[in-house]
S.K.: 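Below you'll find the structure I mean.
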Amino acid sequence: MGSLKLTSIRKAFGTHEVLKGIDLEVEDGEFVIFVGPSGCGKSTLLRVIAGLEDASSGSMQIDGQEVATVPPAKRGIAMVFQSYALYPHLTVKDNMGLGLKQAGTPKPEIETRVAEASRMLSLGPYLARRPAELSGGQRQRVAIGRATVREPKLFLFDEPLSNLDAALRVQTRLEIARLHRQLKATMIYVTHDQVEAMTLADKIVVLNAGAIEQVGSPMELYNKPANTFVAGFIGSPQMNFIEADRLGDAQAKTLGIRPEHIALSREAGDWQAKIVHVEHLGADTILYLETEETGLLTVRLFGEHRFAADEIVFATPDRSRLHRFDAKDQAIA
Ligand SMILES: Nc1ncnc2c1ncn2[C@@H]1O[C@H](COP(=O)(O)OP(=O)(O)OP(=O)(O)O)[C@@H](O)[C@H]1O
Ligand SMILES: [Mg+2]
């Protein structure tokens with residue numbers, strides 16, 4: 001059990017309104033990811049849910065019960081921060097068990113739960129070590145373990161992997177996905193990483209300046225962004241935006257086409273283009289083109305391609321993947 005319902009949550013610091021009326025429903029067992037630009041209110045919203053920060057107004061229910069009156073420690077929520085905040089003088093085992101000990105859990109029960117968590121997170125060999133004797137990834141796993149032993153209904157993660165190097169991020173990402181499958185707990189997770197968001201989430205919440213722009217599954221947001229903000233935010237490299245009247249579309253203001261939905265040819269195509277720059281990534285080739293119709297255009301091709309700067313090529317968009325937006329930047333159905 002761990003469903004969550006937020007209704008008109010507002011939060012102001014002084015006169016600065018950081019959350020501007022958040023309505024959100026999270027189902028039991030769901031993996032929900034918050035994304036949005038720096039400063040848009042992701043951490044603040046997470047802290048309000050955790051009870052570390054009081055909302056200025058609005059209401060919040062967990063499993064249908066109003067939580068405003070329940071003290072944070074009794075809400076069945078565990079939060080994992082970017083900075084692991086482990087106790088340096090305690091061993092891994094004691095760091096993981098401390099919360100339970102403080103809550104008066106019997107010792108054998110603590111032993112069992114810590115053993116279970118350390119097995120799930122492959123921390124068995126490190127139980128007697130202190131945090132200073134661990135790598136960053138191992139410390140982060142201890143922080144996650146400390147949250148799981150409390151068997152919360154709701155896990156909150158605030159950019160838990162951002163201190164890790166690329167390989168370790170992938171490994172820990174897979175561990176979190178596995179943990180979610182095993183525990184079937186509700187998880188809310190903040191990240192700046194597109195791949196984490198797309199791969200872990202059942203549902204992504206796109207926040208912008210304290211308000212929700214769109215909520216949907218990763219593929220819904222990718223295929224049907226509700227507005228230009230979401231269209232530009234989800235997907236990397238970013239969607240190309242083109243003034244619609246340059247392409248003879250009088251109804252739309254802006255057209256959008258993702259870099260991976262444009263084909264290139266040396267012989268023929270819709271838009272004659274000059275290559276400005278090429279990035280060879282091995283698995284992909286990213287090209288930056290200049291065309292008369294669209295201005296600067298990013299194209300992503302699968303695999304290696306021998307295009308070079310200053311070459312003249314032809315770009316052709318997949319018309320079925322074209323996005324249309326009106327003067328208010330909203331998607332046209
Ligand atoms: N305790 C506070 N007092 C005053 N302003 C605050 C406080 N905490 C956060 N803010 C402001 O609220 C806004 C949202 O901050 P928040 O930390 O929620 O952003 P975020 O989306 O998590 O950003 P990031 O991606 O950089 O972590 C920011 O403008 C921040 O300066
Ligand atoms: Mg933050």
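Everything numeric in this text was worked out from a predicted model, so none of it was measured. Atoms within each ligand, like the ligands themselves, are counted from 1 in listed order.
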S.K.: Is there a path of hydrophobic side-chain contacts, each under 4.5 Å between heavy atoms, that joins I212 and I204?
M.R.: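 Unlinked, I212 and I204 end up in two clusters.
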S.K.: Check whether any N or O atom of G36, backbone or side chain, sits under 3.5 Å from an N or O atom of ligand 1, and answer yes or no.
M.R.: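 No; the residue has no nitrogen or oxygen that sits under 3.5 Å from a nitrogen or oxygen of the ligand.
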S.K.: Which of the numbered atoms in ligand 1 are under 4.0 angstrom from any heavy atom belonging to E159?
M.R.: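 This gives 25 (O), 27 (O) as the contact atoms.
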S.K.: Considering only the protein, which heavy-atom contact is closest to atom 26 (O) of ligand 1, and what is its distance?
M.R.: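 It is S38 OG, 2.4 Å.
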S.K.: Which of the numbered atoms in ligand 1 are below 4.0 angstrom from a heavy atom of H16?
M.R.: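 With H16 as reference, the close atoms of ligand 1 come out as 29 (O).
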S.K.: May I ask you to check if ligand 1 and F13 share an N or O to N or O distance below 3.5 Å?
M.R.: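 N/O-N/O distance under 3.5 Å: no.
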S.K.: Would you call D270 and R319 a salt bridge, using N to O less than 4.0 angstrom?
M.R.: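 Judged by the 4.0 Å cut-off on N to carboxylate O distance, D270 and R319 do form a salt bridge.
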S.K.: Hydrogens and angles aside, do T7 and D23 bring a side-chain donor and acceptor to less than 3.5 Å of each other?
M.R.: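 Judged by distance alone, the side chains do not pair up.
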S.K.: Which one holds for V18 and ligand 1: side chain close, backbone close, both close, or neither close, with close meaning a heavy atom under 4.0 Å?
M.R.: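 Just the side chain.
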S.K.: Using 30° and 60° as the class boundaries, would you call the ring planes of H89 and Y87 parallel, tilted or perpendicular?
M.R.: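 Perpendicular, since the angle between the ring planes exceeds 60°.
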S.K.: Describe, in one word, how the ring planes of F31 and Y189 are oriented to each other, choosing from parallel (under 30°), tilted (30 to 60°) and perpendicular (over 60°).
M.R.: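 Because their plane-to-plane angle lies in the 30° to 60° range, the rings of F31 and Y189 count as tilted.
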S.K.: Among protein heavy atoms, which lies nearest atom 23 (O) of ligand 1, and at what distance?
M.R.: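 Sorting protein heavy atoms by distance from atom 23 (O) of ligand 1 puts G39 N, 2.8 Å first.
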S.K.: Charged N to carboxylate O under 4.0 angstrom, R169 versus E196?
M.R.: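 Salt bridge: yes.
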S.K.: Yes or no: does H192 have any heavy atom under 4.0 Å from an atom of ligand 1?
M.R.: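 True for this residue.
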